[in-house]
Amino acid sequence: MKLVTWNVNSLKQRLPRVLELLAEHQPDVVCLQETKTTPEAFPHDELAEAGYAAAHHSGGRWAGVAVLGRTQAPPRDVTAGLPGEVEQDECRWVEATVAGVRVASVYVPNGRSLDSPAFPAKLVFLEAMRERVGQLTPPLVVAGDVNVAPADIDVYDPAGFVGSTHTSEGERNRLQQILDAGLVDAYRHLHPDEQHFTWWDYRAGHFHKGLGLRIDLIMASKDLADRLTHCGIDRSYRKGPKPSDHAPLLATFD
DNA sequence: ATGGCTAGTGGAACTAGA
């Protein structure tokens with residue numbers, strides 16, 4: 001099974017690159033974040049032409065998540081929303097069963113700054129994820145933009161991020177608790193010492209200077225992690241016409 | 001780096017991202 005997760009920063013703007021990704025990698029499961037679409041505008045027809053069916057949670061101008069499966073193995077038993085999240089209508093979590101695997105596509109709140117009211121709401125969201133993971137039965141994958149860099153190796157300038165979101169102890173502890181509930185960080189599992197990023201700021205040429213963060217994760221239950229044969233980031237989708245600020249993360253399970 | 005881009009809304013200048 002080949003799975004990809006990608007924060008597309010508008011599915012409308014990124015549709016050509018998404019179709020390119022589907023054709024090139026032919027994944028069995030796709031988790032998308034920041035689709036930024038209304039339910040009415042979700043591009044079901046274009047995805048169907050490419051051979052994919054979608055389960056999605058779409059709220060309009062911000063956020064929005066989706067799980068895609070092949071037309072012959074479409075997403076089933078869809079659950080939209082995360083029990084316990086502070087903002088129930090922000091469309092940051094959707095679950096579906098694809099090819100026998102329970103898959104959640106997640107877009108964790110940014111948090112804005114450590115002193116913002118959005119920050120404790122981010123921590124509550126991460127706690128709710130841990131609760132939900134404990135309720136779900138493997139085989140399970142939680143994939144998406146977690147908006148937390150798990151460790152300093154996942155940050156281009158750890159000292160520069162002290163006092164910012166994405167690297168604080170509170171965020172990292174809660175992410176670790178999600179993993180401790182029975183999941184494995186697929187990329188780090190296969191590449192214990194490598195520094196590769198999944199997000200780069202659009203500004204100031206950060207991508208070309210190699211200044212990024214690893215904040216997009218594929219977290220797999222241990223039974224699946226034992227069958228992991230490949231996990232990597234396709235940086236080509238951060239280049240070329242109209243790139244997202246995130247690159248897709250891919251994993252293959254034997 | 002004090003935000004140096006991009007996207008959505010709406011039709012200027014804001015919010016939001018991380």
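Predicted model, so just to flag it, every value in this text is computed and none were measured. The sequence lines fix the lettering, A, B, ..., with proteins before strands; numbering per chain opens at 1.
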query = Do the side-chain N and O atoms of A/Gln13 and A/Asn9 include a donor-acceptor pair separated by under 3.5 angstrom?
reply = no
message = If I pick the C1' atom on B/dG10 and the same atom on B/dT15, what distance separates them, to the nearest angstrom?
response = 13 Å
ask   = If you group Ile, Leu, Val, Met, Phe, Trp and Tyr by side-chain heavy-atom gaps below 4.5 Å, do A/Val106 and A/Val94 land in one group?
value = no
request  = For A/Asp145, report the nucleic acid contact type (base, sugar-phosphate, nothing); a contact means any heavy atom under 4.0 Å.
outcome  = sugar-phosphate
query = Say you pick atom C1' in B/dG11 and the same atom in B/dA7; how far apart are they, in whole Å?
reply = 15 Å
query = Looking across every strand, which nucleic acid part, if any, lies under 4.0 Å from A/Phe161 by heavy atom: base, sugar-phosphate, or nothing?
reply = nothing
remark   = Judged by nearest nucleotide, the residue sitting upstream toward the 5' end of DNA chain B, A/Asn110 or A/Leu11, is A/Leu11
key: A/Arg14 or A/Arg112, whichever maps to the more 5' nucleotide of DNA chain B   = A/Arg14
query = Between the side chains of A/Lys2 and A/Gln26, does any donor sit under 3.5 Å from an acceptor?
reply = no
request  = On the 0 to 90° scale, with breaks at 30° and 60°, tag the A/His44-A/Phe42 ring pair as parallel, tilted or perpendicular.
outcome  = tilted
query = Checking all strands, does A/Asp157 fall into the base, sugar-phosphate, or nothing category for heavy-atom contacts under 4.0 angstrom?
reply = nothing
request  = In whole angstrom, give me the gap between the P atoms of B/dA1 and B/dA12.
outcome  = 35 Å
key: Nearest-angstrom distance, P atom, B/dA13 to B/dA18   = 26 Å
request  = Name the first nucleotide and the last nucleotide along DNA chain B (5' to 3') that come under 4.0 Å of a heavy atom in chain A.
outcome  = B/dG3 to B/dA18
message = Could you work out, with side chain to side chain donor-acceptor pair (under 3.5 Å) as the rule, every residue matching A/Arg92, not counting sequence neighbours?
response = A/Glu90
message = Can you tell whether the side chains of A/Asp185 and A/Arg214 come within less than 4.0 Å, N to carboxylate O?
response = yes
ask   = Counting any heavy atom closer than 4.0 Å, what does A/Ser10 reach on the DNA or RNA strands: base, sugar-phosphate only, or nothing?
value = sugar-phosphate
Qualifying residues under salt bridge (charged side-chain N to carboxylate O under 4.0 Å, His left out), relative to A/Asp234, sequence neighbours excluded = none
ask   = So what does A/Asp201 hit on the nucleic acid, given a heavy-atom distance under 4.0 Å: a base, only sugar-phosphate, or nothing?
value = nothing
